Asks: 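Have a look at this one before I ask anything.
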Amino acid sequence: MKIKSGFEIAEDTPGIYVARATGERAKEFPGGIQMGMSGAFLWDYMSKKDCDRAELILCLDSFYECETSTEQITADVDMFVSFLQANNLLEE
């Protein structure tokens, strides 16, 4: 899974990140996607490389350094990926 090109992400306010479409992509996806630190971490990772669910879970687990349970991390990854799929934000 990889996020489509044509987006940039920035911290809007402390702890709140917004991904916005740029250039031609803005015509098909106006507005922005607001997310927290975990979402921004996953977004950045998925925008740079094609990865699978297991890799995302391991990366997010490393990001949290065992502060969060594997079950919660798995649920967070699944919810994030489902959102991306529902909004056609992943490359084919």
Side-chain angles (χ1 to χ4, degrees):
M1 293 175 280
K2 185 174 182 188
I3 291 180
K4 290 180 177 179
S5 62
F7 288 91
E8 58 184 36
I9 188 166
E11 191 169 18
D12 197 40
T13 58
I16 304 295
Y17 298 82
V18 178
R20 291 184 176 88
T22 60
E24 288 296 310
R25 183 74 65 199
K27 292 177 183 175
E28 67 182 77
F29 197 91
I33 303 159
Q34 190 175 39
M35 62 194 86
M37 191 181 315
S38 298
F41 174 80
L42 290 172
W43 184 281
D44 185 60
Y45 190 83
M46 294 174 74
S47 67
K48 294 177 181 172
K49 67 177 289 198
D50 193 13
C51 52
D52 62 19
R53 179 179 179 264
E55 185 177 350
L56 293 173
I57 292 167
L58 286 174
C59 287
L60 196 56
D61 190 45
S62 294
F63 176 75
Y64 278 116
E65 298 177 337
C66 300
E67 293 176 13
T68 304
S69 71
T70 302
E71 293 81 16
Q72 182 62 52
I73 289 169
T74 300
D76 290 349
V77 166
D78 288 344
M79 184 173 22
F80 189 71
V81 169
S82 292
F83 173 82
L84 296 175
Q85 290 170 329
N87 288 282
N88 196 29
L89 295 170
L90 296 177
E91 290 183 355
E92 299 295 319

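No experiment lies behind these values; they were computed from the predicted model shown. When a residue number appears, it is its place in the shown sequence, counting from 1.
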Asks: Is there a donor-acceptor contact under 3.5 Å from the side chain of D12 to the main chain of Y17?
Replies: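 Not at all, since once roles are kept as given, no pair shorter than 3.5 Å links the two residues.
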Asks: Do F83 and M79 make a side-chain contact, defined as non-hydrogen atoms from C-beta onward lying under 4.5 Å apart?
Replies: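 Of all side-chain heavy-atom pairs linking M79 with F83, none is under 4.5 Å.
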Asks: To the nearest 0.5 Å, what is the distance between OG1 on T74 and CG on L56?
Replies: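 It comes to 10.5 Å.
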Asks: For P30 and K27, which heavy atoms make the closest approach, and how far apart are they?
Replies: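 Minimum heavy-atom contact is CD-O, 4.3 Å.
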Asks: With rounding to the nearest 0.5 Å, note down the distance linking CD1 in I33 to CG in L89.
Replies: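 CG of L89 is found 4.5 Å from CD1 of I33.
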Asks: Atom CG in L60, atom OG1 in T70: separation rounded to 0.5 Å?
Replies: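 Answer for the CG-OG1 pair, L60 versus T70, is 10.0 Å.
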Asks: Please determine whether residues V81 and L58 belong to a single hydrophobic cluster, defined as Ile, Leu, Val, Met, Phe, Trp and Tyr linked transitively by side-chain heavy-atom distances below 4.5 Å.
Replies: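 The answer is no; the residues belong to distinct hydrophobic clusters.
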Asks: Is F41 reachable from V18 through a run of I, L, V, M, F, W or Y residues, each pair having side-chain heavy atoms under 4.5 Å apart?
Replies: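 V18 and F41: separate clusters.
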Asks: Could you measure the distance from the CG atom of L90 to the NZ atom of K2? Nearest 0.5 Å is fine.
Replies: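 The NZ atom of K2 is 11.5 Å from CG of L90, to the nearest 0.5 Å.
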Asks: Shortest non-hydrogen contact from F80 to M35?
Replies: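 Of all heavy-atom pairs spanning F80 and M35, the closest is CE1-SD, 4.3 Å.
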Asks: What distance do E91 atom CD and M46 atom CE have between them, rounded to the nearest 0.5 Å?
Replies: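 Those atoms lie 10.0 Å apart.
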Asks: Do you know which two heavy atoms are closest between E11 and T13, and how far apart they sit?
Replies: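 Here E11 and T13 meet closest at CG-O, 3.3 Å.
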Asks: Backbone N or O of S5 within a donor-acceptor pair of the R25 side chain at under 3.5 Å?
Replies: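 Present.
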Asks: What pair of heavy atoms forms the shortest contact from F29 to A21, and how long is it?
Replies: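 Scanning both residues completely, I find the closest heavy atoms to be O-CB, 3.3 Å.
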Asks: Do F7 and W43 have ring centres separated by under 6.0 Å?
Replies: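 Between W43 and F7, which both carry aromatic rings, the centre distance is below 6.0 Å.
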Asks: Just verifying a value: how many Å separate D76 CG and D61 CG, rounded to the nearest 0.5 Å?
Replies: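 Between atom CG of D76 and atom CG of D61 there are 11.5 Å.
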